[in-house]
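Order of the sequence lines fixes the chain letters, A, B, ..., with proteins taken first and strands second; residue numbering starts at 1 for each chain. Since we're looking at a predicted model, the values are computed, not measured.
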Amino acid sequence: MTVIEERSYIEAARREKLAALIERGIAPFGYRFERSHSAQEALEAYEEDGVEVSVSTAGRIVSMRPHGKATFVHIGDRSGKIQLYFRRDVLGDDGYELLKLFDLSDFIGVRGSLFRTRTQEVTIKVEEFQLLTKALRPLPFGKEDAEGEQHGGLTDPEMRYRQRYVDLAVHADVREVFILRAQVVRLIRQFFDGRGFIEVETPILQPIYGGAAASPFVTNHRALDTRLYLRIADELYLKRCIVGGLDRVYEIGHDFRNEGIDRLHFPEFTMLEFYQAYADYNDMMDVLEELISGIVEQVCGSLRIERFGKTFDFTRPWRRAGFVDLVRQHSGVDLATAEDGELRQRLRDRGEEAVDEWPRTKLIDEMFKTFVEPSLVQPTIVQDHPIEISPLAKPKRGNPRLAERFELLVNGHELANAFSELNDPDDQRRRFEEQAAAREAGDDEAHQIDEDFIRALEYGMPPTGGLGLGIDRLIMLLANRKSIRDVILFPTMRPKT
RNA sequence: GACCGGGUAGCUCAGCUGGCAGAGCAACGGACUUUUAAUCCGUAGGUCGUGGGUUCGAAACCCACCCCGGUCACCA
């Protein structure tokens, strides 16, 4: 009893109804219900007045308008909403009285026939109904007026992320984002399966992390008494698959990077990586264009899409531009000849601080991010990065100071990164050693030396093109969402104390 | 990590220069058989993020802390 007294008066009222239901022998948490139609299907099944169409459907009560001896209720499922009409003279006194024990958010199942109300809304005239689940907490359903304007509802971002189930239950457009996400992932799998790729799963817990420049999460395996890292990329294991003769592989999975959180970054995110033997980075550009333009067209119905108040055109071919050329055009600096001091000065002029501690690799990267990235709105392939910032890519044919690498940028954000994969084990060892030296010098995001990976390359890896694509950022673009958290179902939050 | 903004009823929010903690929706009771932000009458509902301080008096002012958002930093 004290427990109930400590609850809010609203929950207490629902608990009282729960008790009243049990007293009447009604199970408040049902087992199943046979539906003949979803809400949407029921709306479509209506023919005309006088034609009897009987339907059984179920859903959550999202609005209720009692009028004495008749009551209007809307229930919703994933397909949409439908109105129910309960009449005392149809359901009998006892049956109709039961409605008073129902609340917003309860799940019910109904059977009845379709008709149109005076206001022309297709509605089920309920002949039988049953409670399927009693909700003990109310969902904050707002109200929608005639103009479709929302009143009330749920806006607190903290609750929307912490209790995503509430956000989903209340906002159809949030459900749409995750339905779209599932559709995109399905299209990706179809794309690669249709091209002779096989989907593989590589370790998430790794004794040595690599394949990107990032800080890892560290954990411990008790039985092996060993330190393990959560992967920051799939890359090095997928290339081992190529060494082993799998020829074309892809993986869709989570990578983990122990970094800050902002609109574009989240420590646990979804990456697609694929590797194709006997291909180079030019082939990867074609594959990527085909993949992305195909998804955009199938999901959005057009290659030109309006997002974030801009128009993006994914019609092939996309613009292609050289990394060094772009930096020269936007900053006047030639990375081939510029000294570190000049780069530092240019960045300092742009308000960057702490530039004195940055190694050259970081300076190059920042030059691009600061001067070039914001201006690349339309899909752009940026290619041929300086080799020192690309330790896993082959040198460019004809210019060994550059790497056969490209990134796809859309709306000033990196979406994908690809190489002609470095397959010379001695060169790979030298690159790792440079990385190790950088680590010594304090760059704790530089690669560790992965001896097993080098050994794999020594057995011989065919020429291979590889690519990584951030799924979350792709979904953000397609779903028109500004924050990566809006495309992740349950974003980790700091625990409440 | 730094700075800015926020945390008040179940939800959305107001609360001025310190003076009895409010509204709409939701809830509860009543009326109402085609309503749809239903309407009408009535009732109840609060650890004002937490802990200290100033004051006759603090939701408001001061200090510390917690949580969220944004910007920056970090982050290919």
Side-chain N or O of A:R263 closer than 4.0 Å to phosphate OP1/OP2 of B:G70: no
If you go through the side-chain atoms of A:H151, does one of them form a donor-acceptor pair with the base of B:C25 closer than 3.5 Å? no
Could you tell me how far B:U50 sits from B:G7 if I compare only their C1' atoms? Round to whole Å. 11 Å
Atom pair distance, as rounded to whole Å: CG in A:D262 and C1' in B:G1: 14 Å
When rounded to the nearest Å, what value does the distance between P atoms of B:C25 and B:C63 take? 40 Å
For B:U33, take OP1 and OP2 only and decide whether either is under 4.0 Å from a side-chain N or O of A:R88. no
Distance between P atoms of B:A21 and B:C48 (Å, rounded): 11 Å
Which residue lies toward the 5' end of RNA chain B, A:M159 or A:A13, if each is placed at its nearest nucleotide? A:M159
In this structure, CG of A:D427 is separated from CD1 of A:I387 (nearest 0.5 Å) by 6.5 Å
When the C1' atoms of B:G46 and B:U54 are considered, how many whole Å apart are they? 25 Å
Report yes if a donor N or O on one partner sits less than 3.5 Å from an acceptor N or O on the other, where the partners are the side chain of A:R65 and the base of B:U35; otherwise report no. yes
Rounded C1' spacing from B:C11 to B:G45 in Å: 14 Å
Electrostatic pair A:K369-A:E373, nearest N-O below 4.0 angstrom: no
Would you please say whether a donor-acceptor pair under 3.5 Å links the side chains of A:R348 and A:Q345? yes
Is a donor-acceptor contact shorter than 3.5 angstrom present between the side chain of A:E121 and the base of B:U35? no
Rounding to an integer number of angstrom, what distance separates B:G1 and B:A58 when you compare their P atoms? 33 Å
Decide yes or no, distance alone: a donor-acceptor N/O pair under 3.5 angstrom between the base of B:U33 and the side-chain of A:R87. yes
Are any of the side-chain nitrogens in A:R24 or A:E97 under 4.0 Å away from the carboxylate oxygens of its partner? no
Of A:D103 and A:G153, the one whose closest RNA chain B nucleotide lies more 5': A:G153
Rounded to the Å, how far apart are A:I484 CD1 and B:G70 C1'? 17 Å
Sticking with atom C1', work out how far B:U34 lies from B:G30, rounded to a whole angstrom. 23 Å
Strictly distance-based, threshold 3.5 Å: is any side-chain N or O of A:D77 a donor or acceptor partner for the main-chain N or O of A:S79? yes
What I want to check is whether an N or O donor and acceptor connect the side chain of A:T155 with the base of B:U12 at under 3.5 Å. no
Which value, in whole Å, describes the distance between the P atoms of nucleotides B:G69 and B:C13? 16 Å
